[in-house]
Asker: 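Here you go, one structure.
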Protein chains: 2
Amino acid sequence: MAKLGEFELLVLLSILRQKDAPYANRVREDLEANADRRVTRGALYRTLDRLTEKGFLAWELDPSEVPERGGHPMRRLLVTEDGLAAVRQARDVLATFLDGVDLLPGET
Amino acid sequence: MAKLGEFELLVLLSILRQKDAPYANRVREDLEANADRRVTRGALYRTLDRLTEKGFLAWELDPSEVPERGGHPMRRLLVTEDGLAAVRQARDVLATFLDGVDLLPGET
DNA sequence: GCGCGTAGTATACTTTGTATTCTACGAGTG
DNA sequence: CACTCGTAGAATACAAAGTATACTACGCGC
């Protein structure tokens, strides 16, 4: 199974967090706000494409959620089973390594 | 501050785990064993170089730890303060996102 | 009907990650 | 003693992941 880059992982996690509104721009806002990282739309869509090619992500056009100010129909993002598995594995590896070390003070 | 890629993070964490023997090949073995990932020597050294350029890593030649079967003197790897800070930040971000989601079943 | 704001696409480019191949050197073995 | 084996490291070229820039599309409201 293809492995996840750092950003890819964050994107999948963010999608999973958006329980009721898994749309690209929600994810973008989430990442900018909580991961302290600039995310341009191009960057995000590129990543979504890659995740889709890998089979970690799927989407459907959402006809009900009409955007307030026009634009394309929004894509409702869905993490696949494979995607979930990949996230879990990445989490486990990270947990292992983070666990084995105390870089405690935590405050930057 | 430059950001950490996924592999870079793992490498720093692994170095921190090798409390008494922070050498490149220990790290390599650690990653292969615990991160379920093939790591060639070239790949690792390239990453170490990049981390050094970013100021996250330093090293000194270790004269005391003589290798058992020849080779170059080993480099004792040292994570810098900046490196530690970068790791902490990455950890915090990951924690935030992993926390907000329950992909629990955990078993693959 | 024109501009603004949102959603998505295309493309070019940079940074990160990986494989391959080379040098160096000590220990053991013939 | 020279040769090959195992370890450590360097150089190079290349692939994949990440990012920026600049586009199209469309609806709303002035």
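In what follows, chains are A, B, ... by sequence order, proteins preceding strands, each numbered from 1. Being a predicted model, the structure only gives us computed values, none of them experimental.
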Asker: According to side-chain hydrogen bond (donor to acceptor under 3.5 Å, both in side chains), who are the partners of B:Asn34, at least two apart in sequence or on a separate chain?
Answerer: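 So B:Asn34 forms a side-chain hydrogen bond (donor to acceptor under 3.5 Å, both in side chains) with B:Asp30.
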
Asker: Phosphate oxygens OP1/OP2 of D:dA10: is one of them under 4.0 Å from a side-chain N or O of B:Tyr45?
Answerer: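 For B:Tyr45, the contact criterion (side-chain N or O under 4.0 Å from OP1 or OP2 of D:dA10) is not met.
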
Asker: Residues in side-chain hydrogen bond (donor to acceptor under 3.5 Å, both in side chains) with A:Glu8, at least two apart?
Answerer: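 Result, side-chain hydrogen bond (donor to acceptor under 3.5 Å, both in side chains) vs A:Glu8: A:Arg50, A:Lys54.
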
Asker: Tell me whether B:Arg76 forms a cation-pi arrangement with B:Trp59, defined as NZ or CZ under 6.0 Å from the six-membered ring centre and within 45 degrees of its axis.
Answerer: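 Checked: cation-pi criterion not met.
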
Asker: Quick one: does NZ or CZ of A:Arg17 land under 6.0 Å from the six-membered ring centre of B:Phe97, within 45 degrees of the ring axis?
Answerer: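 So A:Arg17 does make the cation-pi contact.
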
Asker: Rounded to the Å, how far apart are B:Leu44 CG and D:dA11 P?
Answerer: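 Rounding to the nearest Å, CG of B:Leu44 and P of D:dA11 are 15 Å apart.
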
Asker: Measuring to OP1 and OP2 of C:dT6, would you say a side-chain N or O of A:Asn25 lies under 4.0 angstrom away?
Answerer: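 No, no such contact exists.
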
Asker: Does the side chain of B:Arg46 get closer than 4.0 angstrom to OP1 or OP2 of C:dT21 through an N or O atom?
Answerer: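 Looking at the OP1 and OP2 atoms of C:dT21, neither is under 4.0 Å from any side-chain N or O of B:Arg46.
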
Asker: Might you list the N or O atoms of the protein lying below 3.5 Å from N or O atoms in nucleotides 13-16 of chain C, with each pair's distance?
Answerer:
{"residue": "C:dT16", "atom": "OP1", "partner": "B:Lys54", "partner atom": "NZ", "Å": "3.2"}

Asker: Donor-acceptor pair, A:Ser14 side chain versus A:Leu10 backbone, under 3.5 Å?
Answerer: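 No, because the side chain of A:Ser14 does not come within donor-acceptor range (under 3.5 Å) of the backbone of A:Leu10.
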
Asker: Could you work out, with salt bridge (Lys or Arg N to Asp or Glu O under 4.0 Å) as the rule, every residue matching A:Arg37, not counting sequence neighbours?
Answerer: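 Checked A:Arg37 against salt bridge (Lys or Arg N to Asp or Glu O under 4.0 Å); matches are A:Glu6.
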
Asker: When you measure from every atom of DNA chain C, which of residues 31-42 of chain A have a heavy atom less than 4.0 Å away?
Answerer: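 Nucleic-acid contacts, sorted: A:Arg41, A:Gly42.
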
Asker: Touch check for A:Arg26, heavy atoms < 4.0 angstrom, all strands: base, sugar-phosphate only, or nothing?
Answerer: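 Result for A:Arg26 = sugar-phosphate.
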
Asker: Could I get the full list of side-chain hydrogen bond (donor to acceptor under 3.5 Å, both in side chains) partners for A:Glu29, not counting sequence neighbours?
Answerer: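 Partners of A:Glu29 by the side-chain hydrogen bond (donor to acceptor under 3.5 Å, both in side chains) criterion, ordered by chain and then number, come out as A:Arg26.
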
